[in-house]
Amino acid sequence: MRLWVYLPLALSALLPYAARVTAGRVAPSVAARTVTAAAVAAASGYVCCLALLALTLFDDLPPLWEFDDRPELGLPKPVPGMVALGAGLLLLFGVTRLVRDVRSRRRVLRELRAAGTPNAGLVVADWAEPFAVAVPGRPGHVLVTSGMLRVLSPQEQRVLFAHENAHLRRRHHRWVTVASWAAALNPLVSPMAVLVGRLVERWADEDAAVVVGDRRLVAQAVAKASLAGRRRQVAPAMGMSGSGAVERVLAMQRPRPASRWQSLVGVAALCLMVLVATAVAAVEFADVARAWLSMVA
């Protein structure tokens with residue numbers, strides 16, 4: 001097997017930089033979708049190529065191992081055994097991270113749903129800590145604490161509810177979850193999962209600005225909620241005091257961003273290269289496996 005099987009791994013390391021550039025040149029709604037799709041493509045290529053590398057251990061299994069020391073047969077050589085073993089361990093590590101992420105999200109959802117029964121899509125918890133999140137589900141609802149309501153003025157509360165309802169309406173938790181799972185399987189794209197989390201917050205800010213009709217009011221509400229609220233992101237729920245508060249406040253003080261579609265070319269090209277390299281690697285593996293298995297037939 002040649003270098004094609006390693007190319008998706010190298011491209012996965014480049015994608016986060018391209019995604020960051022792209023995110024700054026298109027609307028957050030477009031950027032969130034694009035970065036998530038790119039993370040999935042990178043994770044798919046990464047997992048497939050690690051699996052191909054790990055499967056080359058087949059030549060160490062009986063009865064194929066007897067052909068290892070017979071160069072006169074001209075059999076194509078798989079990758080070194082240590083490389084194949086390392087690939088298998090990385091696959092196991094990724095699956096372990098994925099299972100841990102799934103369990104963590106389920107636990108957080110159970111805890112948030114236990115805060116109260118929604119009434120018209122809203123739960124107001126009598127907690128002193130300023131806190132507000134969109135809790136996904138069927139149907140989803142907004143959880144806000146009395147501490148957060150005391151921090152915000154009535155106009156800023158309108159922004160908060162518009163922001164959280166945008167999370168629910170747009171189903172932002174799906175984009176965040178998919179990006180997080182991709183990063184669990186492929187740690188090289190972890191910065192992209194963080195970026196998607198910030199982009200969906202920007203997306204919800206833009207939707208809230210449309211509802212209230214005042215971008216500066218949204219910036220003011222985001223700043224106050226972020227200063228008062230939790231400093232950590234509560235996945236898979238999303239709140240207005242989420243990540244990237246300074247960036248979000250500055251963005252709301254500028255006009256609504258327009259998308260420059262040509263900015264997507266770089267990320268799209270890298271994703272295409274990942275998929276093509278994965279397909280070529282799969283063909284090469286099939287040729288190697290066919291040659292070895294023909295000796296047994």
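Along the sequence shown, the residues carry numbers beginning at 1. Worth saying up front: this structure is predicted, and the values here are computed from it rather than measured.
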Without hydrogens or angle criteria, can the side chains of H163 and D207 be said to hold a donor-acceptor pair below 3.5 Å? no
Donor-acceptor pair, distance only, cut-off 3.5 Å: does the side chain of N119 make one with the backbone of L122? no
L109 side, atom CG; R106 side, atom CZ - distance, nearest 0.5 Å: 10.0 Å
From L92 CG over to T96 OG1, what is the distance, rounded to the nearest 0.5 angstrom? 4.5 Å
Between R215 and E206, is there a salt bridge with N-O shorter than 4.0 Å? yes
For the pair V159 and D205, evaluate side-chain contact (heavy atoms from CB on, under 4.5 Å) and give the outcome as yes or no after the intermediate values. CA-CA 8 Å; V159 174; D205 290 342; over 6 Å; no
Are there over 12 heavy-atom neighbours, none belonging to R169, within less than 6.0 Å of that residue's CZ? yes
Would a 4.5 Å heavy-atom cut-off, applied to side chains only, mark W175 and V35 as touching? no
Here's a test for you: under side chain to side chain contact (heavy atoms under 4.5 Å, CB included), which of L152, V222, L149 qualifies with L160? L152
Minimum heavy-atom separation for R158 to V212, with atom names? NH2-CA, 3.8 Å
Hey, is CZ on R33 packed in by over 12 heavy atoms from elsewhere, all under 6.0 Å? yes
Taking every non-hydrogen atom, the tightest pair across A219 and V249: O-CG2, 3.7 Å
Test item: R113 and P118 side chains (from C-beta on) under 4.5 Å apart, heavy atoms: no
Would you give the length of the straight line joining atom CG of L264 to atom OG1 of T34, rounded to the nearest 0.5 angstrom? 4.5 Å
Do T278 side-chain atoms and V274 backbone N/O form a donor-acceptor pair below 3.5 Å? yes
Sub-4.5 Å side-chain heavy-atom contact between M252 and R216: no
For the pair H172 and H167, name the ring-plane relationship: parallel under 30°, tilted 30 to 60°, perpendicular over 60°. perpendicular
Between CG of L275 and CG of L11, what distance do you get to the nearest 0.5 Å? 10.0 Å
Using a cut-off of 6.0 Å, state whether more than 12 heavy atoms not belonging to R150 lie near its atom CZ. yes
Check whether any side-chain heavy atom of W181 lies under 4.5 Å from a side-chain heavy atom of V102, and answer yes or no. yes
Donor-acceptor under 3.5 Å (R97 side chain, A183 main chain): yes
S146 side chain vs W127 backbone, donor-acceptor pair below 3.5 Å: yes
When every non-hydrogen atom of V189 is compared with those of P16, the smallest separation belongs to CA-CG, 4.3 Å
Taking atom CG of L185 and atom CG of D101, what is their separation to the nearest 0.5 Å? 9.5 Å
Which heavy-atom pair separates V176 from G197 by the least distance, and what is that distance? CG2-CA, 4.3 Å
Taking E164 for its side chain and V142 for its backbone only, find out whether a donor-acceptor pair lies under 3.5 Å. no
Donor-acceptor check, side chain of T145 to backbone of E129, threshold 3.5 angstrom: yes or no? yes
Under a single-linkage definition using a 4.5 Å side-chain heavy-atom cutoff for Ile, Leu, Val, Met, Phe, Trp and Tyr, are V123 and V108 assigned to the same hydrophobic cluster? yes
Between S29 (side chain) and W203 (backbone), is there a donor-acceptor pair under 3.5 Å? no
Verdict with reasoning, V218 to D214, per side-chain contact (heavy atoms from CB on, under 4.5 Å): CA-CA 7 Å; V218 174; D214 188 341; over 6 Å; no
CG/L188 to CG/L15 distance, rounded to the nearest 0.5 angstrom? 10.0 Å
Return the minimal non-hydrogen interatomic distance between M192 and A39, and the atom names on each side. CE-N, 3.5 Å
Which atom pair, heavy atoms only, marks the closest approach of A179 to A193? O-CB, 3.6 Å
Decide yes or no for P187 and F93: does some side-chain heavy atom of the first lie under 4.5 Å from some side-chain heavy atom of the second? yes
Can R105 and S180 be counted as having a side-chain donor-acceptor contact under 3.5 angstrom? yes
Under 3.5 Å, side chain of T177 to main-chain N/O of H173, donor-acceptor pair present? yes
So do the side chains of L9 and Y46 get within less than 4.5 Å of each other, counting heavy atoms only? yes
Is there a side-chain contact between R256 and V210 in this structure, where contact means two heavy atoms from C-beta onward sitting under 4.5 Å apart? yes
Could you check if a side-chain atom of Q155 sits within less than 4.5 angstrom of a side-chain atom of L217, using non-hydrogen atoms only? yes
Sub-3.5 Å donor-acceptor pair from the side chain of N186 to the main-chain atoms of A182, do we have one? no
